[in-house]
Number of protein chains: 2
Amino acid sequence: MGTESDLPAPTEWSGIWEVLGCKWTFHILRLLARGDAQFNQIKQKIEGLPASTLSTRLKSLQEETVVVRTVDESATPPTVSYSLTEKGDELAEIIMQIEKLEQRYS
Amino acid sequence: MGTESDLPAPTEWSGIWEVLGCKWTFHILRLLARGDAQFNQIKQKIEGLPASTLSTRLKSLQEETVVVRTVDESATPPTVSYSLTEKGDELAEIIMQIEKLEQRYS
DNA sequence: CCGTATCCCCTAGGATACTG
DNA sequence: CAGTATCCTAGGGGATACGG
């Protein structure tokens, strides 16, 4: 059928998917999509999410440039907050589509 | 900010995400999006994918009504093939958006 | 308050072998 | 061809404790 050979290099099990597949990522992204938040804010709002997991997840998301960590030095004490990048915003919107898809078919 | 309380019931770590997060799911969906395929077709086209994994993955995808298994009895011998449902089609398209997103930002 | 280090367990999934 | 059964191990992630 001619379409056989051009399966375009499967993007591997690429970075973003690796994180997306992890537990809690989805929830974290949903939360951040509603505005920036601090570490413990996130932790408290997502029941069952251990700090250690949040920590590693946030790190992965930063590596994928989906999330940025911002320190506000002007505050006393300085505050740390996390928010979505532009890429992260777009990703969150796509993810919401999947959620809606599920609802539509349930 | 008033938006705090209405985080709409996180959809749990819901079914479709559980499968999407699994290794190989993404590749399988991509492949099926190009038309239906038989078990060994899929297996052969996706390098490294073990039959056992494909088996379980296909089962999960059917449970999520993303994939249908069809037996063509009229053929000799009867052939089995897998294809995307309508829901599966839509899902595949959403997934492609993520792929494009990555490419755009890489 | 904002995290990281550590330990330990459990399961996803790879290899292999086998059946209808 | 179309799968399933079994076994094994690597690592994800939960609990807990600790550091800046």
Side-chain angles (χ1 to χ4, degrees), chain A residues 4 10 12-29 31-32 35-64 67-83, chain B residues 4 10 12-32 35-64 66-83:
Chain A
E4 310 225 349
E12 283 315 313
W13 179 241
S14 74
I16 225 168
W17 278 107
E18 202 136 3
V19 198
L20 280 182
C22 290
K23 201 169 174 182
W24 302 114
T25 302
F26 171 61
H27 296 289
I28 295 168
L29 253 27
L31 193 54
L32 288 177
D36 63 335
Q38 306 182 351
F39 191 91
N40 281 340
Q41 306 272 313
I42 303 175
K43 183 173 154 20
Q44 283 159 23
K45 287 200 185 179
I46 304 179
E47 178 174 336
L49 168 61
S52 54
T53 301
L54 178 55
S55 182
T56 64
R57 205 63 78 246
L58 247 17
K59 204 155 290 175
S60 307
L61 289 170
Q62 288 174 70
E63 276 166 18
E64 296 302 326
V67 162
V68 261
R69 188 187 126 115
T70 313
V71 183
D72 181 2
E73 299 283 4
S74 73
T76 47
T79 53
V80 182
S81 67
Y82 296 87
S83 54
Chain B
E4 308 227 348
E12 282 315 313
W13 178 240
S14 75
I16 227 171
W17 278 106
E18 202 136 6
V19 198
L20 280 182
C22 289
K23 203 169 173 181
W24 301 116
T25 302
F26 172 62
H27 297 289
I28 295 168
L29 253 27
R30 266 173 57 100
L31 193 53
L32 288 177
D36 63 335
Q38 305 181 353
F39 191 92
N40 282 340
Q41 306 273 313
I42 302 174
K43 181 173 155 21
Q44 282 158 24
K45 287 199 184 180
I46 303 179
E47 179 174 334
L49 169 62
S52 54
T53 301
L54 178 55
S55 183
T56 64
R57 205 62 78 246
L58 247 16
K59 203 155 291 175
S60 307
L61 289 170
Q62 287 174 72
E63 278 165 18
E64 298 299 327
V66 162
V67 161
V68 260
R69 189 188 124 116
T70 313
V71 184
D72 180 3
E73 299 284 4
S74 73
T76 47
T79 53
V80 182
S81 66
Y82 295 88
S83 53

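If you're wondering where the values come from, they're calculated on a predicted model, not measured in any experiment. The figures that follow rest on heavy atoms only: side chains count, while hydrogens, waters and symmetry mates do not. Every chain is numbered from 1, with letters handed out A, B, ... down the list of sequences.
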- Query: Rounded to the Å, how far apart are B/Gln41 CD and D/dA2 P?
  - Reply: 7 Å
- Item | Test side chain to side chain contact (heavy atoms under 4.5 Å, CB included) applied to A/Phe26 and A/Leu29, step by step | CA-CA 5 Å; A/Phe26 171 61; A/Leu29 253 27; 5.9 Å; no
- Residue pair B/Lys59/B/Asn40 against DNA chain D: nearer the 5' end by closest nucleotide is B/Asn40
- Message: Base, sugar-phosphate or nothing for A/Lys43? Non-hydrogen atoms, less than 4.0 Å.
- Response: nothing
- Message: Quick one, B/Ile46 and B/Leu31 - any side-chain contact, counting heavy atoms below 4.5 Å?
- Response: yes
- Validation row: B/Leu32, B/Val66 side chains within 4.5 angstrom (heavy atoms): no
- Task: For A/Leu61 and C/dG3, give me the distance from atom CG to atom P, rounded to whole Å.
- Result: 14 Å
- Protein-nucleotide distance (B/Arg69, atom CZ; D/dA2, atom P), rounded to Å: 9 Å
- Query: Between A/Gln38 and C/dC1, is there a side-chain N or O to OP1/OP2 distance below 4.0 Å?
  - Reply: no
- Measure the distance from CD on B/Glu73 to P on D/dC1 and round it to the nearest whole Å. 18 Å
- Is a donor on one side and an acceptor on the other found under 3.5 Å between the side chain of A/Arg57 and the backbone of A/Lys23? yes
- Item | Spacing between A/Leu54 atom CG and C/dC2 atom P, to the nearest angstrom | 11 Å
- Given B/Tyr82 and B/Gln41, is the side chain to side chain contact (heavy atoms under 4.5 Å, CB included) satisfied, shown in steps? CA-CA 10 Å; B/Tyr82 295 88; B/Gln41 306 273 313; over 6 Å; no
Using atom names, set out every protein N or O paired with an N or O of nucleotides 9-16 of chain D below 3.5 Å, distance rounded to 0.1 Å.
{"unit_1": "D/dG13", "atom_1": "OP1", "unit_2": "A/Lys23", "atom_2": "N", "d": "3.1"}
{"unit_1": "D/dG13", "atom_1": "OP2", "unit_2": "A/Arg57", "atom_2": "NH2", "d": "2.6"}
{"unit_1": "D/dG14", "atom_1": "OP1", "unit_2": "A/Lys23", "atom_2": "NZ", "d": "3.2"}
{"unit_1": "D/dG14", "atom_1": "OP2", "unit_2": "A/Trp24", "atom_2": "NE1", "d": "2.6"}
{"unit_1": "D/dA15", "atom_1": "N6", "unit_2": "A/Ser52", "atom_2": "OG", "d": "3.3"}

- Query: In whole angstroms, how far is the P atom of D/dC1 from the NZ atom of B/Lys45?
  - Reply: 14 Å
- Locate the shortest heavy-atom distance separating B/Glu18 from B/Cys22; write the atom from each residue and the value. O-SG, 3.3 Å
- Query: Please give, in whole Å, the distance from D/dG3 P to B/Ile28 CD1?
  - Reply: 13 Å
- What one should report as the nearest heavy-atom pair of B/Leu54 and B/Phe39 is CD2-O, 3.5 Å
- Task: May I have the distance from B/Glu47 (atom CD) to C/dA15 (atom C1'), rounded to whole angstrom?
- Result: 16 Å
